[in-house]
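For reference, the structure is listed below as structure tokens.
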Amino acid sequence: MKRVYMDANATTPLLPEVMEAMRPYWMECFGNASSIHLDGQQARTAMDRARATLAEFFNCHDAEVVFNSGGTEGDNTAIFGLLHPGDHFITTSIEHSAILRAADRVAQHGVKTTFVAPSASGLIDPADILRALRPETRLISVMLANNETGVLQPVEEIGKIAADTGVFFHIDAVQGAGKVRFDVRRFGCHLLSISAHKMHGPKGTGAMFVRRGTPIEPLLVGGSHERRQRAGTENVPGIVGLAKAAELAMHSLEDGTIDRLAKLRDRLEAGVLQIPGTGVNGAQLPNNLGAPGPSHLGTGESMNPKDGCNPVLGAPSASHLGTWESTNPVPRAANTTNIWFDHVEGEALVISMDLKGVAVSGGSACHSGATEPSHVLMAMGLDKARARASLRFSLLKTATEADVDYVLKVVPEAVEHLRAISPVAAGTAG
Ligand code: PLP
């Protein structure tokens, strides 16, 4: 049976070039990059080259790149490495659990967190970040691209707020890597985290941009690796693979691959929306920009977006966007769409499509096994039933027209079948 993998936001396969780049570093060039002999120096040279590639990818100095084990470590490092008892932390209610659970942890040590909620379109309003600031705010952390909806957050505007107010700014850019051109100077962040396996690199490897002079405590201590910022013998094959993936990602952003991907995603989306009782989560600004659902996450406070925006920021806000809502789509990562299907149980649809050879995800794949509806969709104001009846399609950058055709054949059949046997659709539910 043909299989089409449309769950790239969960993970991606290595590209052949990445595999080839890594291959020598498992056996022939296995040295420890800290050793002074030739074997060690081969590993060190490979790491130096990889660091230069990542510096180009982030647009920073080589010395501002810290290799680590991936997105969770980067997110945790930003929070545990910067916050102290009595500090205030601002993040959003749509972050990955690597941020949300870390915020829970520091709450036990006297750090207060404000969770800013998105608008119904999935966008965070920078004016809400500004309103959440307190004299004791030390860190803001906002994701670049949401893993479930693909919605791109206005990080540049938030970076300006951080700069104006002297607050540290971390970006979880795990889902933006390879989909959006990076420039940490333009983003205005002090810290930024990426993960190789979301961009056709190996699992268990990532990197962090750490702006020079940022007083971050290392999460792991021991050897003096990574300029004492991250102890542990470096994963040289993983780092080489990450750098190759980053190099290929930079090409894809230039050579039209990502534009082609956006067109494929749009065709997929338009095709799926032909099915009655469907809609996109986080694509267009809805007519009603009213308050989203509750975002009672963790132990901190939550904020709902309010109308209005600091005009100095020039940032999108509910009141600004209201005038161009239906003609202006919300910016999204090129590969992602999140679609609700009324009268369908999302998990049943995932399984039914899997049986027909299509891999997609309901809610966030990082939480698979959890039965609670997606916290992201709930924060955007969806009711539980609609959040549960939502699927995420996230295309690999190698996706083809034939893949989309196949999925467009499978989805309507699966939805029709499930609706036919659904007590909800039949109106017989208790
Ligand atoms: N941040 C975001 C937005 C993610 O989507 C993920 C993984 O899905 C992570 C962080 C965690 O990354 P990793 O799997 O490398 O630990």
Side-chain angles (χ1 to χ4, degrees), residues 5-14 18 54 66-80 91-105 115 118 122-124 140-153 155 158 170-180 182 187 189 191-209 219-220 230 232 235 238-239 241-242 245-246 249 282 297 332-338 359-370 374-377 379-380 392-396:
Y5 181 83
M6 284 210 177
D7 202 11
N9 290 8
T11 197
T12 58
L14 292 196
V18 174
L54 266 296
V66 178
F67 292 115
N68 63 17
S69 68
T72 300
E73 185 179 331
D75 288 353
N76 279 209
T77 302
I79 293 173
F80 299 139
T91 189
T92 82
S93 51
I94 55 169
E95 297 300 307
H96 189 266
S97 49
I99 292 286
L100 298 175
R101 297 292 79 80
D104 291 349
R105 172 78 67 87
F115 298 95
L123 266 177
I124 296 296
I140 299 169
S141 184
V142 177
M143 66 201 331
L144 177 57
N146 184 267
N147 42 313
E148 297 191 34
T149 61
V151 171
L152 298 173
Q153 303 302 334
V155 291
I158 297 168
H170 169 250
I171 300 176
D172 173 344
V174 167
Q175 294 289 351
K179 303 166 192 167
V180 173
F182 279 11
F187 292 168
C189 57
L191 303 163
L192 179 143
S193 303
I194 63 163
S195 179
H197 77 100
K198 307 288 187 181
M199 53 190 289
H200 297 277
K203 292 173 181 59
T205 307
M208 203 174 188
F209 157 71
L219 204 60
L220 301 176
R230 202 273 185 179
N235 171 4
I239 289 167
L242 166 64
L297 288 161
R332 276 186 303 171
N335 77 323
T336 309
T337 180
N338 192 308
V360 295
S361 142
S364 171
C366 292
H367 304 280
S368 56
S374 146
H375 70 278
V376 174
L377 300 180
M380 288 163 61
R392 175 183 75 187
F393 299 78
S394 51
L395 285 67
L396 295 171

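Counting convention: from 1, in listed order, for ligands and their atoms alike.
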query = To the nearest 0.5 Å, what is the distance between CD1 (I171) and OG (S141)?
reply = 8.5 Å
task = For the residue pair K203 and T11, confirm or rule out a side-chain donor-acceptor distance under 3.5 Å.
result = yes
Residue part near ligand 1, for K198, under 4.0 Å between non-hydrogen atoms = side chain
task = Provide the number and element of each atom of ligand 1 under 4.0 Å from a heavy atom of G70.
result = 15 (O)
inquiry  = Are the side chains of T337 and R332 in contact, using a 4.5 Å heavy-atom criterion?
reply    = yes
inquiry  = Would you say T205 and N235 are linked by a side-chain donor-acceptor pair, where the criterion is simply a distance under 3.5 Å?
reply    = yes
ask   = Going by the order shown, which atoms of ligand 1 are within less than 4.0 Å of some heavy atom of H197?
value = 13 (P), 14 (O), 15 (O)
task = Indicate, as side chain, backbone, both or neither, the part of M143 found under 4.0 angstrom from ligand 1 when only non-hydrogen atoms are considered.
result = side chain
key: Per-atom contacts of ligand 1 with S195, taking only distances under 4.0 Å to non-hydrogen atoms   = 13 (P), 15 (O)
ask   = Going from CZ on F393 to OG on S361, what distance comes out if it is rounded to the nearest 0.5 angstrom?
value = 10.0 Å
query = Is it the side chain (CB and beyond), the backbone, both or neither of D75 that lies under 4.0 Å from ligand 1, heavy atoms counted?
reply = side chain
message = With a 4.5 Å cut-off on side-chain heavy atoms, are N147 and V174 touching?
response = no
message = With nothing but distance in play, are any N or O atoms of N9 less than 3.5 Å from an N or O of ligand 1?
response = no
key: Closest candidate by heavy atom, reference atom 5 (O) of ligand 1, pool E73, Q175, E95   = Q175
task = Report the part of T72 in contact with ligand 1, treating N, CA, C, O as backbone and CB onward as side chain, heavy atoms under 4.0 Å; options are side chain, backbone, both, neither.
result = both
query = Is V174 close to ligand 1, meaning an N/O of one under 3.5 Å from an N/O of the other?
reply = no
ask   = Has the side chain of E95 got a donor or acceptor atom that lies under 3.5 Å from a matching backbone atom of M143?
value = yes
